[in-house]
*Asks:* 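Following this message is one structure expressed as structure tokens.
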Amino acid sequence: MVSAWEQRKLGELFEESDERASDREILSVSVANGIYPASESDRETNPGASLANYKIVHSGDVVYNSMRMWQGAVDASRYGGIVSPAYVVARPNSEVYARFFARLLRQPMLLKQYQQVSQGNSKDTQVLKFDDFASIGISMPASENEQRRIGAFFDRLDSLITLHQRKYDGCTLSVSFLERCTLCRKTSPRNRCSATTTPSG
């Protein structure tokens, strides 16, 4: 039996958190990778002279880049740490399973709404403040267990896609190597592929 879905405002489910600290791991938020430790990034992390205004993130908090929300720079954190003051930290209430909302908040229909309610004259200057985020209506499963099942399903799917992509990339390299050797041999029976080794003597 499929559980009922209901219409809610994001402001009924999240509250803005403004806790500050400077002695925790720095986290980053990107469109492609969601939330991850900044130490794992190839880009140099240079927060400046002080981390005093950085915001605390707890595991399960939803964090978004206020200037890139319309592009999907939002995720539910798996980490504890701190983020730049430019990010908004939205703490869920007990009705919310964060990993489900990590998917829901990146849906194309919502990305359009973020852009519509963001403040600014151009895409490069638009900012989505929490009050505007809170005003947006969404459709969600009333049951947290249903949210959990949906979130877990898509997390597993992502893991499988990543695993198979790595296998595919490895196969692509291997096939390309074999194709080069095959083409070299087909050019002339006397030709040897430069990628192969010919015994001396």
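As the structure is a computational prediction, the values presented were derived from the model and not from experiment.
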*Asks:* Kindly state each residue pair satisfying salt bridge (Lys or Arg N to Asp or Glu O under 4.0 Å) with at least one member in residues 125-143, sequence neighbours excluded.
*Replies:* none
*Asks:* How many angstroms lie between OH in Tyr54 and CD1 in Ile26, if you round to the nearest 0.5 Å?
*Replies:* 5.5 Å
*Asks:* Between Met69 and Val31, is there shared hydrophobic-cluster membership here, with clusters defined by ILVMFWY side-chain heavy atoms closer than 4.5 Å?
*Replies:* no
*Asks:* Answer yes or no: does atom CG of Asn121 have more than 12 heavy-atom neighbours from other residues, nucleotides or ligands under 6.0 Å?
*Replies:* no
*Asks:* Under the salt bridge (Lys or Arg N to Asp or Glu O under 4.0 Å) definition, can you give me all pairs with a residue in residues 29-38, not counting sequence neighbours?
*Replies:* none
*Asks:* Considering only Ile, Leu, Val, Met, Phe, Trp and Tyr, and joining two whenever side-chain heavy atoms are under 4.5 Å apart, list the other residues clustered with Val127.
*Replies:* Met67
*Asks:* Has the side chain of Arg20 got a donor or acceptor atom that lies under 3.5 Å from a matching backbone atom of Asn53?
*Replies:* yes
*Asks:* Quick one: closest heavy-atom pair of Pro141 and Phe100, and the distance?
*Replies:* CD-CZ, 3.4 Å
*Asks:* Tyr64 and side-chain contact (heavy atoms from CB on, under 4.5 Å): which single residue from Asp75, Val29, Leu128 fits?
*Replies:* Leu128
*Asks:* Are Phe130 and Phe133, when compared by the centres of their aromatic rings, separated by less than 6.0 Å?
*Replies:* yes
*Asks:* Hey, what do you get for CD (Glu144) to OH (Tyr97), rounding to the nearest 0.5 Å?
*Replies:* 8.5 Å
*Asks:* Could you check whether Phe14 and Phe101 have their ring centres less than 6.0 Å apart?
*Replies:* yes
*Asks:* Taking Arg8 for its side chain and Leu13 for its backbone only, find out whether a donor-acceptor pair lies under 3.5 Å.
*Replies:* no
